[in-house]
Amino acid sequence: MNPYQTASMNSPHDVHDAPHGVGHIVPLSLLLKVFGGLVFLTVLTVAASLVNFGEFNLVVALAIAVVKASLVVLFFMHLRWDKPFISIIFIGCLIFVGLFISLALLDSGQYRSSVIKQEAPGIKDHHTLLKAPPQ
Amino acid sequence: MNCLMHMLAADNATFWLPRGASDLAGPVDQAWNIILYVTGLFFFIVVGAMLFFIIRYRRRTPNDATPEITHNTPLEIVWTIVPLLLVEVFFYVGFKGFLRYDTPRSDAKIIDVQGRQWAFSFTYPNGAQDQDLYLLKDEPVRLNLNSTDVLHAIYLPVMRTQRNLVPGRETQISFTPTDLSPQEGWWVFCTQYCGNGHSRMFSHVYVLAKADYDEKMKELANPFKKKDPITGKSRWVPYVELGHTLYQQNCSSCHSVTDDKIVVGPPWKGLWKRDHDFNYRDDPTYTLKASDPDDKWNAYLTESILKPNAKLVTYQGKALSGMSDFSSTFSGSETNDEKRRAIIEYIKSLGNLPYTPAIPPDSTYYDADKYPDHHPESEAGLKANALTTQSQPAGR
Amino acid sequence: MTTITPDFAHSPREPALVRDNYLNHSRGFLSWALTLDHKRIGIMYLCAVLTAFFVGGMFAELVRTQLLMPNGALFHSADPNSSAVYKTYNQIFTLHGAIMIFLVLIPGIPGALGNFVLPIMLGAKDVAFPRLNLFSFYLYVTGALFAVLSIIFGAVDTGWTFYAPYSTNTETAVSWMVFGVFILGFSSILTGMNFIVTIHKLRPPGMTWFRMPLFLWAVYATSIIQVLATPVLGITLLLLMMERLLHVGIFNSAYGGDPVLFQHFFWFYSHPAVYIMILPAMGIMSEVIGTFSRKHVFGYRFVALSSIAIAVIGFLVWGHHMFPNGQSTMLGTIFSFLTMTVAIPSAIKVWNWLATMYRGSIELATPMCYAISFMFLFTIGGLTGVFLGTLSVDVHLHDTYFVVAHFHYVMFGGTLIGFLAGIYYWWPKITGKMYNETLGKLGCLLIFIGFNTTFLPQFVMGSQGMPRRYATYQAMYQPYHVMSTIGAYIQLVGFIIAAITLLQSLLKGKTAPANPWGSATLEWSCTSPPPHDNFKTTPTVGDPYDHSNLVWDDKIEGYVRDNTLAEPYTTTTHIPKQPAGH
Amino acid sequence: MTTITTEPASHGDDHGHDHPKFLAHHFETPQQQFDSGKLGIWLFLTTEILLFSGLFCAYSVYRANHPEIFAYAHLYLNKWYGALNTIVLIFSSFTMAWGVRASQLGQKKLCVGLLGITFACGIVFMCVKAVEYHDKWREQILPPGPHSDWYNPPKGPEEPKENALEAKISADETARNKVAGEAALAGSSTPAASSAPAAPIIFTGPTTRLASDGVLVEQSAVPKAQIGPTGIDSTWNREHAPNSAALGGSSAEHVGPEPYNTHIFFSIYFLMTGLHGLHVLAGMSLIAWVMYRTHRGDFSPAYFSPVDFVGLYWHIVDLIWIFLFPLLYLIGNSQ
């Protein structure tokens with residue numbers, strides 16, 4: 001027998017739907033629900049931006065964005081029904097993004113005190129800066 | 001143990017390392033030697049074993065039967081853990097040395113270092129500028145690093161320290177030189193690639209004893225001697241140019257010299273010999289008119305620098321308040337008096353009357369045999385006078 | 001259950017090229033230019049990479065020649081205040097670096113050898129996306145062209161690291177080079193994707209994860225890095241170009257940017273890239289050492305997983321390139337600590353190679369000679385890395401020739417020697433020809449000697465304080481430099497001999513048997529050169545390092561599998577429940 | 001002979017079982033081909049995310065260290081354009097997902113229609129972007145540009161209030177710089193000296209120092225009354241702004257006259273939206289391509305991978321915008 005048949009049969013969801021095809025078919029009603037949710041959240045995030053949460057402005061905005069994003073990923077991109085390994089790739093990628101940003105952020109925060117506060121000279125007169133020094 | 005540590009921290013030049021002449025050299029050389037010996041050992045184990053196996057187990061027949069050894073987990077775990085522990089020890093050794101390198105000494109004397117394509121310039125506590133680094137033996141020093149154009153790095157091999165000069169930031173290194181330098185000094189390199197002249201961007205560090213150091217500082221501090229960072233030649237600085245520099249450092253944030261707009265204080269443009277009316281005078285009878293003689297104006301300006309609140313002008317219908325006094329900066333020593341005079345000369349040069357360059361400072365500030373080619377009456381001297389409005393890059 | 005049977009229907013000495021194979025399967029220029037056959041694409045990569053290597057090597061010789069004299073043997077100016085002449089030198093070492101890294105080391109082993117042997121080793125007919133594979137080759141060519149064009153439009157003089165703000169201010173053709181590298185990056189990404197998918201989805205029955213040859217593990221780890229790291233290089237270079245064109249002020253301090261941020265961006269890719277370069281070479285080592293010791297690779301799982309470990313930890317150490325560069329103390333400490341841990345997986349590999357040789361039957365064929373010199377040089381390279389990973393010591397050694405020597409020992413002594421080992425190892429399979437062993441070993445020896453003569457002195461002058469990227473230097477360093485240059489010339493001779501060896505084998509080499517070295521991995525079970533579709537029947541897989549049933553056959557001067565001998569693993573062959581294993 | 005074509009299916013099909021046209025020669029089953037494609041496209045999407053991560057990183061670093069820039073400069077953006085575009089993209093994502101479903105069920109006409117709507121949404125999105133860009137171009141708030149002259153925002157009305165503030169600020173400056181100056185001359189590098197703005201400036205004439213302190217009255221670009229619930233907070237002081245607030249701490253007391261280097265915000269804005277715009281265009285062309293192929297009838301419930309994969313790509317583009325919108329348009333509007 002062909003191993004790849006077993007392979008496909010083993011993947012959790014190929015069995016019950018679309019026996020003739022490959023991949024999972026998302027019911028239209030669900031798509032509609034997700035769309036509604038996304039619109040609602042968009043309105044919500046705009047509304048939230050009108051309220052001052054002080055330090056939490058960003059947190060709130062990002063939290064809503066994350067929820068929206070996960071809706072899109074899970075249902076529109078049907079990650080929910082895909083092989084787990086794909087989720088691993090996706091999450092792994094996000095972890096590396098987080099790693100990259102957080103370490104760069106941490107460093108710049110650490111040496112911020114040594115940054116000289118000034119208007120960028122180049123904006124004022126960038127020719128002076130690019131001018132080769134006297135030879 | 002003690003002598004082992006001593007042996008590990010060699011102060012003299014070795015096959016590997018140049019001599020160490022700062023408090024940082026000890027830890028660095030120690031770490032270096034520890035790592036050198038341990039890794040060396042591992043190197044000989046690996047290569048030795050490899051060569052031994054090659055000979056001992058060389059192929060006899062194409063069909064040699066070999067034992068079916070696939071793995072040996074305990075062994076593999078051992079040779080995973082042991083090196084791990086070792087390298088983390090190295091990490092700790094290096095970390096200790098690094099903290100010492102990276103923690104600024106509060107009691108350190110501060111020298112400002114500015115890098116540019118392609119030279120370093122060092123500004124000393126007494127305001128002196130030079131492109132060689134002079135240090136006092138056994139005195140902690142902190143170099144404040146900054147660059148005007150691209151990345152540079154100042155690297156002092158004998159001090160075992162280097163740091164990048166980052167434009168837009170002020171980084172620092174601090175250490176304590178522990179040895180007197182030889183006559184020719186030690187090398188200071190730029191290690192961060194910075195363009196055509198990168199390999200030519202070096203200077204020297206001299207570690208001096210107290211007497212020589214003070215002597216050197218006094219010489220460098222002479223405000224009328226300027227060493228061009230590019231050519232390295234010294235030249236005589238006329239009053240007006242010095243005054244301009246001092247203006248940059250002290251006055252520019254309140255006094256405009258381009259237009260007659262009030263920034264905070266009255267503009268200097270055209271200030272010399274313009275009628276003044278005061279909103280406050282310590283001597284109610286005091287007046288100052290364009291017609292008054294130079295001496296009176298000089299006296300007035302001197303007073304305004306040293307005792308600003310003695311007389312307050314009303315300018316463009318605005319009654320101006322006084323500023324805090326600059327007596328500490330522009331009086332109290334011969335040098336400061338000359339600086340004050342330079343400021344006044346600069347203000348003169350901004351006046352509406354034709355300006356004739358002042359007679360150069362006397363021999364205390366101008367050493368004719370040191371800089372014969374820049375004698376004030378010489379070509380260069382007069383040219384320097386003429387050029388006062390073209391300005392050098394202001395060091396700081 | 002069929003076992004592996006190379007088709008020896010015809011007489012073994014019948015010239016290979018008469019048989020249908022990927023070389024004579026179809027003819028004509030287009031049949032190569034538009035081929036989707038991973039083997040032909042691999043050959044094209046090989047030619048392109050070797051050409052780039054020649055160019056980069058010539059630049060290297062120029063660099064060494066200039067440094068014969070303290071004031072420069074090629075370019076020198078008497079006037080201490082005019083440095084314009086050194087621009088040329090700076091452009092030369094920049095091009096040497098950029099070409100070697102982006103055109104040779106990174107695409108070299110995966111592109112050339114990986115493309116050729118990966119599917120065959122796996123037992124697949126081709127990589128998962130043949131079109132993509134061809135596309136990524138042409139991306140490579142395009143990128144290479146841009147990189148070379150930069151020479152015409154005012155060659156780059158920034159050093160291969162493109163550090164801002166110098167790279168944003170210099171008048172040289174940075175944008176061309178940067179754009180070329182940007183394209184090369186995508187070529188690298190596509191290759192990586194292709195390999196990952198191939199390894200996941202195209203494994204035949206019996207090829208479980210822990211039956212995969214270690215070279216595949218290495219390439220798999222490499223591909224992970226390629227996919228995860230290279231995009232960041234892409235955006236970095238994009239931002240650099242924008243910085244040059246629009247002065248956006250992200251990296252250029254003159255516009256409020258942060259030069260240290262650029263270094264974070266750059267090294268987040270470029271440190272993992274170091275492992276993109278070295279990992280496949282390590283994979284080759286495992287194959288070669290196992291084969292020529294005629295012994296099962298020791299600690300297969302440790303070696304396999306150490307590749308993955310390197311790939312993952314390799315992402316966490318980029319800051320060790322920036323200890324004195326204005327990075328904060330805290331980050332420096334974190335990165336130094338992690339850097340130390342990344343040394344361990346490499347160490348594991350070395351130990352396991354040693355243990356593989358222990359009580360083996362070691363044959364010093366040319367590939368094995370290269371493997372030996374790899375172990376020698378890579379050990380030095382790795383151990384000197386410990387010096388640089390140690391914070392306080394790095395403060396002294398940073399940006400000196402010690403660093404130069406270190407990464408040449410790893411990149412050249414590691415990756416390139418491994419690449420050569422791989423070429424000589426798979427040459428019979430690729431071309432169907434044997435080469436002259438004596439010549440091959442001579443080349444290897446000369447390269448080894450020349451290499452050490454070149455770079456050992458650089459350790460010393462580095463620790464003595466000689467900064468890198470200098471067109472001129474203080475007289476006290478001259479002896480080291482002269483020695484180093486002599487070594488460079490010896491290497492040149494060595495490489496010429498190595499090249500002659502291969503060319504001569506193409507012209508009048510003996511026909512290669514299917515399995516000249518007695519290796520148990522799948523690629524040796526198909527004919528040399530392999531047929532167009534690699535395998536007539538989907539092969540069944542045993543232990544890739546079980547040499548016990550391979551016996552030497554004098555008629556064909558190669559090894560054949562004698563199934564009467566015990567093959568302990570075939571009994572346990574089973575179909576993986578799910579090819580997409582994790 | 002050049003019988004080698006780029007069509008893998010034309011390679012010798014030496015497998016016993018049936019090998020449909022769409023199935024490449026080196027795959028055994030449609031399922032295997034589909035899984036491979038799926039894995040491949042997801043790997044590609046991760047690279048897209050990592051590509052954008054660089055911009056997000058730059059964004060975070062600058063917002064964390066210079067919150068005042070963002071608090072000030074984002075007022076130039078019209079958040080209603082942003083919101084509109086968000087809705088448009090979300091809708092297009094919905095139609096795309098539906099289109100994939102249609103393709104899976106073999107509803108050819110419906111699929112083409114839905115893809116068409118998605119494509120149209122792409123056009124609308126780009127048009128709105130064009131309007132936004134045009135506004136910026138008209139107001140000359142672009143990245144500094146080749147000669148760094150593209151960024152000069154319009155002047156706002158000057159109110160007496162403001163002059164008072166300027167006077168105060170320059171007074172502060174005076175005090176600080178005097179300390180700095182003395183310090184520099186006396187050589188002791190007090191904190192004041194190390195933060196004395198003059199430090200790295202190349203001398204460019206007497207007024208540089210003024211400009212480099214940003215104490216030019218003409219700097220104000222947005223009508224000051226708009227900023228903060230109580231107009232200008234006159235206790236604002238440059239020294240505090242960059243140091244106090246952490247990421248997102250763009251609350252009232254950090255907003256005042258234009259901070260230094262506001263052009264960085266617009267650079268980041270144009271880089272992010274620009275790169276995203278390019279992806280939208282790429283996505284649109286891909287959609288057009290699969291529309292054509294669907295119309296041609298290439299796809300069936302057994303083989304619809306291209307539609308699915310293009311869909312995934314389109315969703316990622318949407319995903320990135322979902323984050324760009326709040327990060328760029330909705331920075332603490334609430335002050």
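In what follows, chains are A, B, ... by sequence order, proteins preceding strands, each numbered from 1. Computed over heavy atoms, backbone and side chain alike; hydrogens, waters and symmetry mates excluded.
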Criterion side chain to side chain contact (heavy atoms under 4.5 Å, CB included) on C:Trp351 and C:Phe302, from CA distance to verdict
CA-CA 10 Å; C:Trp351 294 128; C:Phe302 266 67; over 6 Å; no
Passes side chain to side chain contact (heavy atoms under 4.5 Å, CB included), C:Ile344 versus B:Val87? Steps please.
CA-CA 9 Å; C:Ile344 299 309; B:Val87 287; 4.1 Å; yes
Apply side chain to side chain contact (heavy atoms under 4.5 Å, CB included) to C:Phe262 and C:Thr161, showing your working.
CA-CA 10 Å; C:Phe262 174 84; C:Thr161 49; 5.9 Å; no
Apply the test ring-ring contact (aromatic ring centres under 6.0 Å, His included) to residues C:Phe376 and B:Phe43: give CA-CA distance (whole Å), side-chain angles for both, the deciding distance (0.1 Å), then the verdict.
CA-CA 8 Å; C:Phe376 184 95; B:Phe43 173 70; 5.4 Å; yes
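For a residue to count as touching a neighbouring chain, one of its non-hydrogen atoms must lie under 4.5 Å from one of that chain's; by this rule C:Leu364 touches chain B with the side chain only. B:Leu99 touches chain C through its side chain: at least one heavy atom from C-beta onward sits under 4.5 Å away, while N, CA, C and O do not. Within the 4.5 angstrom heavy-atom criterion, atoms from both the backbone and the side chain of C:Pro165 approach chain B. When heavy atoms are compared at a cutoff of 4.5 Å, C:Phe298 approaches chain B by way of both its backbone and its side chain. With a threshold of 4.5 angstrom between heavy atoms, B:Arg58 approaches chain C through its backbone and through its side chain. Proximity to chain C (any heavy atom under 4.5 Å) is shown, for B:Ala153, by neither the backbone nor the side chain. For chain B, the nearby part of C:Ser293 is the backbone; its heavy atoms alone come within less than 4.5 Å. Interface residue C:Gln327: only backbone heavy atoms are found under 4.5 Å from chain B. Heavy atoms closer than 4.5 Å to chain B are found in the side chain of C:Phe93, but not in its backbone. Both the backbone and the side chain of C:Thr472 come within less than 4.5 Å of a heavy atom of chain B. In this structure, chain B has a heavy atom under 4.5 Å from the side chain of C:Val260, while its backbone stays farther away. The contact between B:Phe53 and chain C is made by backbone and side chain atoms together, counting heavy-atom distances below 4.5 Å. Interface remark: C:Phe402 contributes side-chain atoms only to the contact with chain B (heavy atom separation under 4.5 Å). B:Val166 touches chain C through its side chain: at least one heavy atom from C-beta onward sits under 4.5 Å away, while N, CA, C and O do not. Neither the backbone nor the side chain of C:Met466 comes within less than 4.5 Å of any heavy atom in chain B. Interface residue C:Leu354: backbone and side-chain heavy atoms are both found under 4.5 Å from chain B.
Residues B:Ile111 and B:Leu135 form a side-chain contact, since some pair of their non-hydrogen atoms from C-beta on lies under 4.5 Å apart. Side-chain contact between C:Leu261 and C:Phe251 is present, with heavy atoms from C-beta onward closer than 4.5 Å. Inter-residue side-chain proximity for C:Asn252 and C:Asn169 is flagged as met; some heavy-atom pair is nearer than 4.5 Å. Counting heavy atoms from C-beta on, the side chains of C:Thr379 and B:Phe42 never come closer than 4.5 Å. Side-chain contact check for C:Lys87 versus C:Thr172: some heavy-atom pair is nearer than 4.5 Å. Annotation: side chain of C:Glu363 is not in contact with side chain of C:Met368 (no heavy-atom distance under 4.5 Å). C:Tyr166 places none of its side-chain heavy atoms less than 4.5 Å from the side chain of B:Leu151.
The candidate from C:Phe387, C:Tyr473, C:Tyr545, C:Trp552 with the greatest count of non-hydrogen atom pairs under 4.5 Å with chain B is C:Phe387. Between chain B and the residues C:Thr170, C:Leu391, C:Asp394, the largest count of heavy-atom pairs under 4.5 Å involves C:Leu391. Interface remark: of the candidates C:Thr341, C:Val350, C:Thr339, C:Thr341 forms the most heavy-atom pairs closer than 4.5 Å to chain B. Between chain B and the options C:Ala355, C:Ala471, C:Gly518, the largest number of non-hydrogen pairs under 4.5 Å is found for C:Ala471.
Taking both residues in full, the closest heavy atoms of C:Gly389 and C:Ser336 are given as O-OG, 2.9 Å, listed atom of the first, atom of the second, then distance.
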